[in-house]
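Throughout, residue positions are numbered sequentially from 1 according to the sequence presented. In this text the structure is predicted, and so the values were computed from the model without any measurement.
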Amino acid sequence: MSGYAVSGRYGRNAWLGASTGVLAMMLAAPVLAQAAGNADTTASGQTDQPAEVIVTGQRAAIQSAQNIKRNSGEIVDSIVANDIGKLPDRSVTEALQRVVGVTIDHTMARNDPEHYSVEGSGVNIRGLTYVRSELNGRDSFTANGGRSLSFEDVSPELMAGIDIYKNPSAEQIEGAIGGLVNLRTAMPFDYKGLRASASVQGSWGDLSRGKAAPSASVLLSDRWNTGIGEIGILVDLAYSQSRTRTDAIQQEPFYPRIDLVPGQTVWIPKGESWRTLKFDRKRKGAYAALQWRPNSDIETSLSFFRSDYRMHWDENAIFTSTYAYNIVPAPGAEFTYDKNGVFQKGVLTDPTDGGMPFNDDVRSADRHSVTNDLSWHLKWKASSRFTFNADAQYVRGTTTGFDSTVATGLQIPSETIDRSTAIPSLTVDKAYMTNPANYYWAFIMDHKDHSVGKEWAGRADGEYEFGEGFLKSLRFGARINNRTAVTNSSPYNWQAISQTWMLGWYEPTLAYLNNFQAPSQTYAFPNFFNGKVALPSAVVFPATSLATGWPNSYQQLFGFRQALCKQLNPGCSDSWTPTAYSDATLNNQKERTYAGYATLRFGTEVGGMPLDGSLGVRVVRTLDSASGVLAVNAFTPGAGGQLPPGKTAGDFAAFPGISQHIVAKNDFTNVLPSLNVRLRITPTLQARLAIAKAIARPDFSQLQQYTSLSSSIDSTTSIQSFTGSGSGNPYLRPTKSDQFDATLEWYFAPTGSLTAAVFYKRLTNVVINQLSTLSVNDTAGQAHNFTITAPINGAKGTAKGFEIGYNQYYDFLPGLLSGFGVQANYTLVASKQKLYMPVNVPYCTGDGATQTNLNVNLNGCDTNGQTFGNPPLANLSKHAFNVALLYDKGPLSARLAYNWRSKYLQAINVNPTQGSDALNLNPSSAGYGQKNIVWGLPIWAASYGQLDGSVFWKFNDHLTVGIEAQNLTDSKYKQLMQQHIGLMNRAWFVSGRRYTAQLRVTY
């Protein structure tokens, strides 16, 4: 959309923050800007603005934006539609990272560090994940168990602007401790008359496959004077497709070994792995708005918004399943170590298993997410002093996912690893790796989920203006909403076909491809790492059709296991059933909130300096209900298959199937005061102060009420485990924050500003995961403790820091040089977290029933059994900055933009850097030297930056063409794993450069 309109919210003039002072003003096309200080918004977030002001020069646009910022009543940064179209970004998520204080994640999920997200994922504001999302000032969400939108699902082409609020006011919907992201769409009355625009795009990349991925958008808006008043209609449609590929190399965790070098503990990795993920995304967006103004006192509107997101990815991955303590140097070779005993280079092999067991899988995943929003708004100017607003909204979101994995395996004779290079070099026997006769069918795994979220919301707001005097106006209002979340998620149904640990007691041999026929393929990893890293080898994988052919293909593969099992035990009756939904996996939640607020706006002079602001309070009551099932899965030792050698069914516990329905309710009230003050020190210098209390309710996935308990037997160690999954905590309370913000803003030129902000957030009731136990009797009446992981309000913390932003066009330079400009911002955030019940013991244990095992989730445990202490708040980078070189002169508009953030903790104890085979090196433990300690490492994202660029040429007032480029530096995204030998390299991801050609037409 052609246009630039930044507005305040809930009756406040908007302003551009330190980082986006120039983001909204780099267009060569005409820009629409509100008259400074005159724009106002209703409680629904829709702009109540004068007719558009056509600004033909970039300098005038910047000056207008700075005036809007100066007249704002809150601390807010904004991006407008043309920014998203003009920035070298392909999603709302990527555009947000340009804003000072905002960072994004680069993995598909925060609990899944193995899979890289090219377009970015979760948004953090000032280092915190407590981010609310709104659409036109109303609640909006994706039905994925959280409370906010997945911004990557939203079509950026539909946006008229994005506002990022840093400190909540009483008028805003509660829930934004980190900040609030409000997505704004255009309305018909934003334009003088007919407006039509369209764009077409094609995207491709270094590692993309096939032809360019197309995108297109079209907008049509008009308004008419009729016998019943003025009517406006706007329709906006968008379609976007993306094809990307990510290559990865992964270093497995290091294990301590006391058996390789006499008198010394050395650290050896389990090996190295490599993989490729091919990602396809289709995003559809639709938006329509109807406005009616029967007279100058009444205006009403009806709008519909739809986001439709589909993604599919196929992965080819090869990874080790080697038992770490079987690894030794290959015959005739030796390992070399650094001064700390950490492996540097050598040839790894596993003679115990006849080679190093590896699995190589084809994984196919699909997700379809849809959010529909229908909203109505009314504004009535009842008198010269009183204005009334009413709002009603219905939101329905759904998401459905399916995940299918089929794997082959092989015994790699050896791996030669050299860690002396930036990315460790890896060499294997390529002839062996490409021979299908060396592979066997290894395992299958299926999973599916489906979620539905609904919300009805209504609100009414009023404002009474007092006129002259200290008190300017009183704003007040009430809101009620009723939200439901229904989730059904099947277990990840992993089933072995043939594994080395099954040999001798369950299967006589492995299910080699030569003996058991099913489709397979050799994948050569073309142009691996953009040709900058030597490919270890091509690999023989299952055909993708086996993953997508579920469930019939799974039945075929499981038949291979049955055939082998019957060779040792003719009575073997083991069978496979597809993953399925059940009452035990169903979670049904309801939440109703009642909120009311009142805000006094004031203004006066202090020492001749104008001072204004607002003082308000919001009171909200929340009623939660969660229903689900506590299920104990039936377990009979040896049923359908063999027991470990030398064991009988009587050596293990058996459990009957139990299902108990549980309903949990929670009720709490929060009082949330807020104060916003602005002091105009000079005509060009002003200061702000904001103080507030805020809350962030737990995600629905954390409030779920269902737990599934199951037991299994480790065939290698003959140890029976008792574990639980899916456990939530419906009695969680919101995380609370006391928030303080102060800013200083200097507008030293019509196109120049320098702004700074400091902030402090004191957090309580932080939700963390904690291990606990649940006692269940077996069929013999003996109690067993099942270990479950569940969230609790278990910590407090602080987040503090400062932001600084600078933007300027150098108008004073001569000729063509006057088109240059710079935008820069920097954010520093420091955090601390303190557990309410700290666990300070130095070593972890393998016994889930003991408190020391709490370490694995709270602090993390190393492969030597030692714990880590005092982890920081997750997803928080201490440093982040943006630098952009801009050029706007005549028909040419260009920029180079570099974004960077420092390392940050991603997660603790997540797959695949977790296990139960850590070496017990606790000198006071009776089990010293045993290999049975539960462990899980802290995973960090290393510092990361990339350079993006764009060039646009405006032929005339109607036609613009351009090209955008992402990741011009071909940057590598790196992950680290924390161990006591240091912060070790874990993984490297490369997605290559991406390019987009674009044509825009506007009338």
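Taking CG of Asn167 as the start and CZ of Arg126 as the end, the distance is 7.5 Å to the nearest 0.5 Å. Atoms CE and CH2, from Met445 and Trp550 in turn, are 13.5 Å apart once rounded to the nearest 0.5 Å. Annotation: the span from Arg618 atom CZ to Ile695 atom CD1 amounts to 9.5 Å, rounded to 0.5 Å. The CD atom of Gln555 sits 8.5 Å away from the OG atom of Ser575 when rounded to the nearest 0.5 Å. Rounding to the nearest 0.5 Å gives a distance of 11.0 Å between CD of Gln914 and CG of Asp917. With rounding to the nearest 0.5 angstrom, the CG atom of Asp862 is 12.0 Å from the CD1 atom of Ile933.
Side-chain contact check for Asp373 and Ser375: at least one donor-acceptor pair (N or O, by modelled atom type) lies under 3.5 Å. With 3.5 Å as the limit, one finds a donor-acceptor pair spanning the side chains of Asn909 and Asn857. Side-chain atoms of Asn482 and Trp456 include no donor-acceptor pair closer than 3.5 Å. Checked by atom type, the side-chain pair Asp446/Asn493 shows a donor-acceptor distance below 3.5 Å. If you check the side chains of Gln906 and Gln975, you find a donor sitting under 3.5 Å from an acceptor. A donor atom on one side chain and an acceptor atom on the other are not found under 3.5 Å apart for Ser133 and Ser148. Between the side chains of Ser627 and Gln705, no donor-acceptor pair is found at a separation under 3.5 Å. For Glu315 and His115, the side-chain atoms include at least one donor-acceptor pair closer than 3.5 Å. With no hydrogens or angles considered, a side-chain donor-acceptor pair links Ser721 and Ser712 at under 3.5 Å. His368 and Asp308 form a side-chain donor-acceptor contact under 3.5 Å, judged by distance and modelled atom types alone. The closest side-chain donor-acceptor pair between Ser369 and Asn144, if any, does not fall under 3.5 angstrom. In summary, the side chains of His312 and Asp366 do present a donor paired with an acceptor at a separation below 3.5 Å, with no hydrogens or angles considered. Side chains of Glu171 and Ser169: a donor-acceptor N/O pair is absent below 3.5 angstrom, by distance only.
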Val370 and Arg306: side-chain contact (heavy atoms from CB on, under 4.5 Å), yes or no, with the steps?
CA-CA 7 Å; Val370 177; Arg306 177 181 174 89; 3.5 Å; yes
Take Asp391 and Gln393 through the test side-chain hydrogen bond (donor to acceptor under 3.5 Å, both in side chains) and record every step on the way to the result.
CA-CA 7 Å; Asp391 211 70; Gln393 178 195 27; over 6 Å; no
Starting from the C-alpha separation in whole Å, work towards a yes-or-no answer on side-chain contact (heavy atoms from CB on, under 4.5 Å) for Phe635 and Gln720.
CA-CA 11 Å; Phe635 179 75; Gln720 186 172 8; 3.5 Å; yes
Val856/Cys844 under side-chain contact (heavy atoms from CB on, under 4.5 Å): CA gap, chis, key distance, verdict
CA-CA 7 Å; Val856 73; Cys844 303; 5.5 Å; no
Under the salt bridge (charged side-chain N to carboxylate O under 4.0 Å, His left out) rule, what do Asp139 and Arg132 come out as? Steps first, then yes or no, please.
CA-CA 8 Å; Asp139 199 17; Arg132 262 189 54 77; 3.2 Å; yes
Start with the C-alpha gap between Thr400 and His450, add the side-chain angles, then the distance that decides, and say whether side-chain hydrogen bond (donor to acceptor under 3.5 Å, both in side chains) holds.
CA-CA 4 Å; Thr400 302; His450 179 69; 2.7 Å; yes
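For the pair Arg147 and Phe700, the cation-pi test (distance below 6.0 Å, angle within 45°) is passed. Tyr836 does not carry Lys796 over the face of its six-membered ring by the limits of under 6.0 Å from the centre and within 45° of the normal.
Partners of Lys166 according to the salt bridge (Lys or Arg N to Asp or Glu O under 4.0 Å) rule, which considers only residues two or more places apart in sequence or in another chain, are Asp77, Glu803. Arg396 pairs by the side chain to side chain contact (heavy atoms under 4.5 Å, CB included) definition with Tyr394, Thr398, Val452, Lys454, not counting sequence neighbours. Under the salt bridge (Lys or Arg N to Asp or Glu O under 4.0 Å) criterion, Asp449 pairs with Arg367, sequence neighbours left out. For Asp361, there are no salt bridge (Lys or Arg N to Asp or Glu O under 4.0 Å) partners two or more places apart in sequence or in a different chain. Not counting sequence neighbours, the partners of Asp105 by the salt bridge (Lys or Arg N to Asp or Glu O under 4.0 Å) test are Arg110, Arg901.
Using a distance-only test at 3.5 Å, with no hydrogens or angles considered, a donor-acceptor pair links the side chain of Ser674 to the main chain of Ala170. Proximity of a side-chain donor or acceptor of Thr142 to a complementary backbone N or O of Ser150 within less than 3.5 Å is detected. In terms of modelled atom types and a separation under 3.5 Å, the side chain of Thr579 and the main chain of Pro491 share a donor-acceptor contact. The backbone N or O of Thr622 sits nowhere less than 3.5 Å from a side-chain atom of Thr593 that would complete a donor-acceptor pair. No donor-acceptor pair under 3.5 Å is formed between the side chain of Asp699 and the backbone N or O of Ser701. Not a single donor-acceptor pair under 3.5 Å links the side chain of Ser451 to the backbone N or O of Thr399. Between the side chain of Gln978 and the main chain of Pro938, no donor-acceptor pair closer than 3.5 Å is present. The backbone N or O of Gly453 sits nowhere less than 3.5 Å from a side-chain atom of Thr484 that would complete a donor-acceptor pair.
Residues Leu835 and Asn859 approach most closely at CD1-OD1, 4.3 Å, considering heavy atoms. The nearest pair of heavy atoms linking Thr636 to Ala654 is CA-CB, 4.5 Å. Of all the heavy atoms in Ala692 and Pro168, the pair that sits closest is CB-O, 3.7 Å. Pairing each heavy atom of Ile662 with each of Leu630, the nearest pair is CD1-CB, 3.9 Å. Closest approach of Pro637 to Phe652, counting heavy atoms only: CG-CB, 3.7 Å. The nearest pair of heavy atoms linking Ala795 to Gln833 is CB-CG, 3.9 Å.
Asp624 and Arg697 are not joined by a salt bridge, as no carboxylate oxygen comes within less than 4.0 angstrom of a charged side-chain nitrogen. By the 4.0 Å N-to-carboxylate-O rule, Asp738 lies close enough to Lys693 to be salt-bridged with it. A salt bridge links Asp403 with Arg363: at least one charged nitrogen is closer than 4.0 Å to a carboxylate oxygen.
In this structure, Trp576 has its ring center closer than 6.0 angstrom to the ring center of Tyr554.
The aromatic rings of Phe655 and Phe722 stand perpendicular to each other, their planes meeting at an angle above 60°, with 30° marking the opposite boundary.
Counting heavy atoms from C-beta on, the side chains of Ile788 and Leu709 come closer than 4.5 Å.
For residues 653-670, the pairs satisfying side chain to side chain donor-acceptor pair (under 3.5 Å) are Arg621-Asp667, with sequence neighbours left out.
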